[in-house]
Amino acid sequence: MSSGKLDVASRREGDTAILSPVGDIDINSQPILSAAIKQIQTDAGLARLVIDLAGVGYMDSSGVATLVQALQTARKKSTKLVLAAPQPRVLTILQIARLDTVFRVVADVETAKTG
Amino acid sequence: MTMDGPANIRLQIESNTLFLSGVRELVYHVASRIGFADEHCGQMALATDEAICNVIRHGYGRAADRPIWISLRCVGGVATPETQGSYPTTGLEITIEDEARQVDLTQIKSRDLDEIRPGGLGVHIIQQVMDEVRYEHREDLGGKGMRLTMVKLRTAPTGGAAAQQSAHEPKPDASRCSGGSTNGSAQGGSGLKQGDAGLGNSVQNSLIQTDSKQTGSIQTGSIQTGSIQTGSIQGSAANCPAGDPKRSAKEHGR
């Protein structure tokens, strides 16, 4: 558990964008992540969005909803969305929601950039 | 299951989402201190978070200044300073109360998870991670107010009846305070058991299947085990409909 704060960093590598939220994703902080995702998904030439979850220690259903929304947008735009390096607690909630096999989930960002 | 006696901790907060992280911390650390395994502490914090979110969103319409009460009761007793190191607590009962409008208890249910769309997961998550979930109308507020009572047992149940029985009978818990993982199928553990955070491997887990009753009480039915594997996006946009704003009343318990 942590303070409940959330910071989101982003970077672009060619046609891949990497979003790195750090902190807790809950109903209070979820709009920060949602806004960052929406902004990136409007970028021209984006083929792949990697969300690096290594720095996320907690996520509730608000965060899950944000990721599902991002997935829907990615599908509409025919781009890829990959979740990288979720901590066990975050992976658990994806499993509970039965979304762990709906999303592409990989062990690290490097794999996410090519997998 | 009815558990008499006063709460060990009773907290009132305003319905402001800023306070969620503090409540999560409280639940997590109290659960840890009374002997729950780390992953179960996290699950109870998650369930509490989801329950309070539902009150704020659907009970109070996101108003940030309404009261919510959180009560924690250590089932089976709790260690005192003189008995430090013992773990008499067999379960943790978490009660969330509000003074929002009352809803039809039979309408409080999880949505169809086969539909991949945002939202509507709170009730499902609560049912999955807790051993008993009971919604009630409060009778002390003149026709308003809801009460959600959730119980997590330290001793893993293997079924609804066993779950009720074990809540009243202290049993040893090999995984307490270990912070480690055990195999869910071997231990009959409640909640999700994760053996390895590495996604290249299968992650052992167990999911509690629940049965919903008309009374609003939900108890564990059976435990199934399986492996979680990395997956890829499948299907088309047709499988991913946009969210339906009309869904919330039923799926969020409001």
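Atoms considered below: every heavy atom in the structure, side chains included; atoms not considered: hydrogens, waters and symmetry mates.
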Verdict with reasoning, Q128(B) to Q95(A), per side chain to side chain contact (heavy atoms under 4.5 Å, CB included): CA-CA 11 Å; Q128(B) 289 294 314; Q95(A) 293 167 347; over 6 Å; no

Side chain to side chain contact (heavy atoms under 4.5 Å, CB included) between D38(B) and R89(A), intermediate numbers included: CA-CA 10 Å; D38(B) 180 73; R89(A) 230 171 242 153; 3.0 Å; yes

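Summarising the geometry, atom CG belonging to L121(B) is positioned 10.0 Å from atom CD1 belonging to I96(A); distances are rounded to the nearest 0.5 Å. Note: T92(A) OG1 to I125(B) CD1 = 11.0 Å, rounded to the nearest 0.5 Å. In this structure, the separation between CG on D24(A) and CD on E25(B) is 7.5 Å, given to the nearest 0.5 Å. Note that the CG atom of L113(B) and the CG atom of L99(A) stand 8.0 Å from one another [nearest 0.5 Å]. A distance of 7.0 Å separates OG in S61(A) from CG in N54(B), rounded to the nearest 0.5 Å. In this structure, CG in N28(A) is found 9.0 Å from SG in C53(B), a value given to the nearest 0.5 Å.
Residues P118(B) and Q72(A) have side chains in contact (heavy-atom distance under 4.5 Å, counting atoms from C-beta outward). Using a 4.5 Å cut-off on side-chain heavy atoms (C-beta onward), I27(A) and R62(B) make contact. Between Q69(A) and R117(B), every side-chain heavy-atom pair lies at or beyond the 4.5 Å cut-off.
The stretch residues 12-20 of chain B places T17(B), L18(B), L20(B) near chain A, each with some heavy atom under 4.5 Å from a heavy atom of that chain.
In this structure, the portions of S62(A) lying under 4.5 Å from any heavy atom of chain B include both its backbone and its side chain.
Of the charged side-chain nitrogens involved, none lies within less than 4.0 Å of a carboxylate oxygen, so that D60(A) and R24(B) do not count as a salt-bridged pair.
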